[in-house]
Chemist: 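There's a structure below that I have some questions on.
A note on names: the letters A, B, ... follow the listed sequences, proteins ahead of strands, and every chain is numbered from 1. Please read all numbers here as calculations on a predicted model, not as lab measurements.
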Amino acid sequence: MQHWSVLESMSHLKIMEGNVKGGIDMKYETAEQLLIKAKEAHNKSFGEIDCNNRLRKSQKGVFGHVIEESHFGYEINSNSEPDFKDLGIELKVTPIKQNRNGSYSAKERLVLNIINYMEEYDKTFETSSFWKKNQKLLLMFYKWLPKVEPRELKIVQSILYEYPEEDLIIIKRDWEKLSRYINEGKAHLLTEKEFEYLSPCTKGANKNSMREQPFNVLKAKQRAYSFKSSYLTSIIREMVESEPLTYFSTKQELKQKTIEQLLEEKFEPYIGMTRDEMAAKLGVTITPKHKSFIPSLISTLLGVKGTKLDSIAEFEKANIQFKTVRLQPNGKPKESMSFVNIDFHEVAQESWEDSFLYNYFSETKFLFVVFQYDEQENLYFKGIQLWQMLEQTIETDLFAYWAEIRRVVNAGIKLEKKKRGISNNLPGSKFNGKFHVRPKGKDSNDKVSLPDGQMITKQCYWFNADYVANLLKGEE
DNA sequence: GCATGATCATGC
DNA sequence: GCATGATCATGC
């Protein structure tokens, strides 16, 4: 199946314009015509497109309506059929954002139709409302920019999307898991975390929007099918960068096992070996302090030697980042774990929902590759652990950490010259026992500016070593 | 001995 | 030149 049906050949465009530019009743006879029409919206802002003045107030979800009505001349429907019924194509208008390093990501998850527990329970994947409505998608991306009026935002790219076979295996398994929840009368216990690509996100006017479920008197939160933003990001990356992703698993393996199980199986044979034995067995050359040693170990072990970890499909699609952990004989890491450097201007302005911390830790799964030193300082491979921060930790400890950094930055960081270096009053390792702020740069002269004009040695988000030790034990 | 400030090395 | 994984080193 060809899943990228991006039409770059515009040779038909002239011929088609005559048919396509019509009144409200126009029809799009082929997917290609539809895509050509979609591309006419590129580089136009919503303000330019919106002829019914729907953007008066910036209510959510209105972007899709503007495109449907004003650009395609279709009436808005919210029934169970795809938007372009005859073609079986559902239209989705969704934001992308540019990251600090220049790459693009989905700004948010892609919300699809609401799950009616009362109707979905006796369906198969093929007869489900998800599949009926979202089998083929016309994705139109607009570029989100902070603090820019909705009417100024522009459509930048459109694609027709059909699921690659490998992804469909996982999407189907996610659907089946969801279906089991409903059939076992557990719809009220659904959470997003345990789903891989397709997950049931909450949707409603507020968190009190509840729905009946067929096999339990307890009402369940109203939820909609959604693609996790990491999955959507992988679609965007593949669209922008032409570099294809490499799968380490075969379709057969994906059918039988989750990515987590597959990873565990692949790493299992090496548990208990020293790092050098692992390297020898895999034919990876160790150069001491060679930064790329662990990544090349991982890619070799997964059978995709030479592939950058960013290009491994399963990692990209599930947004899995790896981290090496070196434990001391007592089970505690010697060092704290660092993440990205703090952009203080960003922190000072952003809301919690737009913050780097919130987004990064609610979307990222970590593959911890754990080594442990014995008393003789030999380094042994202990195993792997796939981990994601608990929602509760995000809402309490991580939020407090973010709020404190923000408070201190906005009040003006107190910098104090000490015997050794310059100290500050950003949250330290005793703040809440989990996270702290610490410098990370080339040296103490490697500085960035603060919103109040002061300069500070580059600072970084860190996990306390104790927190890492605890989460590896499953106690967060 | 831990907390915290500093810095090195590598890869892009 | 910069980001990032890794680690050092001082002083309380």
Side-chain angles (χ1 to χ4, degrees), chain A residues 98-103 105 237 240-241 243 275 279 284-299 306-311 315 320-347 356-357 360-361 364 366-373 377 379 381 384 401 404-405 408 413-450 454-470:
Chain A
Q98 193 157 23
N99 303 309
R100 270 188 250 166
N101 66 8
S103 65
S105 305
R237 300 258 164 98
V240 175
E241 301 150 21
E243 203 176 306
R275 187 191 52 175
V284 176
T285 38
I286 294 193
T287 40
K289 295 192 173 177
H290 199 252
K291 206 171 151 178
S292 59
F293 169 66
I294 298 286
S296 62
L297 199 72
I298 296 176
S299 63
T307 310
K308 280 191 293 174
L309 297 189
D310 290 354
S311 304
F315 287 4
I320 296 170
Q321 297 281 324
F322 89 95
K323 287 271 181 191
T324 321
V325 183
R326 273 158 234 252
L327 300 175
Q328 302 176 92
N330 68 7
K332 205 183 123 176
K334 190 156 169 269
E335 302 286 344
S336 308
M337 182 181 279
S338 70
F339 295 86
V340 303
N341 273 7
I342 305 175
D343 182 332
F344 290 102
H345 293 273
E346 202 175 84
V347 171
F356 166 79
L357 281 177
Y360 187 69
F361 288 108
T364 311
F366 293 91
L367 174 67
F368 292 120
V369 182
V370 186
F371 292 88
Q372 185 163 26
Y373 287 102
E377 304 219 342
L379 190 58
F381 177 54
I384 57 159
Y401 174 62
E404 177 63 6
I405 295 171
V408 173
I413 300 180
K414 292 198 179 74
L415 298 169
E416 213 174 314
K417 197 155 168 49
K418 286 282 179 68
K419 258 198 189 126
R420 182 172 179 266
I422 299 165
S423 74
N424 64 59
N425 57 335
L426 290 160
S429 66
K430 276 177 283 190
F431 174 67
N432 62 12
K434 292 192 167 81
F435 319 116
H436 65 274
V437 175
R438 243 172 67 213
K440 188 170 86 171
K442 202 168 90 61
D443 54 38
S444 59
N445 293 316
D446 193 10
K447 297 190 179 200
V448 288
S449 73
L450 290 164
Q454 297 188 94
M455 298 297 283
I456 190 169
T457 310
K458 285 181 181 168
Q459 304 284 320
C460 186
Y461 299 112
W462 294 81
F463 279 5
N464 293 7
D466 283 319
Y467 178 55
V468 177
N470 288 339

Chemist: Using the closest heavy atom to pick a nucleotide of DNA chain C for each, name whichever of Trp462(A) or Lys458(A) lands nearer the 5' end.
Modeler: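 Looking at the nearest nucleotide for each, Lys458(A) comes out on the 5' side.
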Chemist: Return yes if a side-chain donor-acceptor contact under 3.5 Å exists between Lys447(A) and Thr457(A), otherwise no.
Modeler: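 Side-chain D/A pair, Lys447(A) to Thr457(A): absent.
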Chemist: Do side-chain atoms of Asn425(A) reach the backbone of Leu415(A) as a donor and acceptor pair under 3.5 angstrom?
Modeler: no
Chemist: In whole angstroms, how far is the P atom of dG1(C) from the CG atom of Asp446(A)?
Modeler: 12 Å
Chemist: Would you kindly compare Gly421(A) and Asp466(A) by the position of their nearest DNA chain B nucleotide and give the one closer to the 5′ end?
Modeler: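 Between the two, 5'-proximity favours Asp466(A).
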Chemist: Are Tyr360(A) and Tyr461(A) near enough that their ring centres are under 6.0 Å apart?
Modeler: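 Judged by ring-centre distance (under 6.0 Å), Tyr360(A) and Tyr461(A) do not meet the cut-off.
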Chemist: Whole angstroms only, please: what is the CZ-P distance between Phe463(A) and dG5(C)?
Modeler: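 Interatomic distance, CZ of Phe463(A) to P of dG5(C): 12 Å.
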Chemist: Is a side-chain donor or acceptor of Trp462(A) paired with a backbone partner of Arg438(A) at a separation under 3.5 angstrom?
Modeler: yes
Chemist: Find the distance Leu309(A):CG to dG5(C):P and express it as a whole number of Å.
Modeler: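 The answer, rounded to whole Å, is 11 Å.
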Chemist: Report the distance from atom NZ of Lys418(A) to atom C1' of dA3(B), rounded to the nearest whole Å.
Modeler: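 Rounding to the nearest Å, NZ of Lys418(A) and C1' of dA3(B) are 11 Å apart.
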Chemist: From CZ of Phe356(A) over to C1' of dT4(C), roughly how many Å is that when rounded to an integer?
Modeler: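 Phe356(A) atom CZ is separated from dT4(C) atom C1' by 12 Å.
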Chemist: Tell me: CG of Asn445(A) to P of dT7(B), nearest whole Å?
Modeler: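 It works out to 8 Å between those atoms.
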Chemist: So, the side chain of Gln454(A) versus the backbone of Ile413(A): is there a donor-acceptor pair under 3.5 Å, distance only?
Modeler: yes
Chemist: Measure from the ring center of Phe435(A) to the ring center of Tyr467(A) and say whether it is less than 6.0 Å.
Modeler: yes
Chemist: Looking at Phe344(A), is Lys458(A) sitting on its ring face, NZ or CZ under 6.0 Å from the six-membered ring centre and within 45 degrees of the normal?
Modeler: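 The answer is no; the distance or angle limit is not met.
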Chemist: Let's see if you can work this out: which of dC2(C), dA3(B), dA6(B) has an atom nearest to the side-chain heavy atoms of Ser429(A)?
Modeler: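 My answer, after comparing the listed nucleotides, is dA3(B).
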Chemist: Whole angstroms only, please: what is the CG-P distance between Leu426(A) and dA6(B)?
Modeler: 13 Å
Chemist: Quick check, are the ring centers of Phe463(A) and Phe361(A) under 6.0 angstrom apart?
Modeler: yes
Chemist: Rounded to the nearest Å, what distance is computed from the CD1 atom of residue Ile422(A) to the P atom of nucleotide dT10(C)?
Modeler: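 Taking atom P of dT10(C) as the reference, CD1 of Ile422(A) is at 18 Å.
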Chemist: With a 4.0 Å heavy-atom cut-off, tell me which residues in residues 431-442 of chain A come close to DNA chain B, sorted by residue number.
Modeler: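 Output list: Arg438(A), Pro439(A), Lys440(A), Gly441(A), Lys442(A).
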Chemist: Using the benzene-type ring in the case of Trp, are the ring centres of Phe368(A) and Phe322(A) under 6.0 Å apart?
Modeler: no
Chemist: Which nucleotide wins on minimum distance to the side chain of Arg420(A), given the candidates dA3(B), dA9(C), dT7(B)?
Modeler: dA9(C)
Chemist: Enumerate the residues from residues 321-343 of chain A whose closest heavy atom to DNA chain B is under 4.0 Å, giving them by residue number; use none for an empty result.
Modeler: none
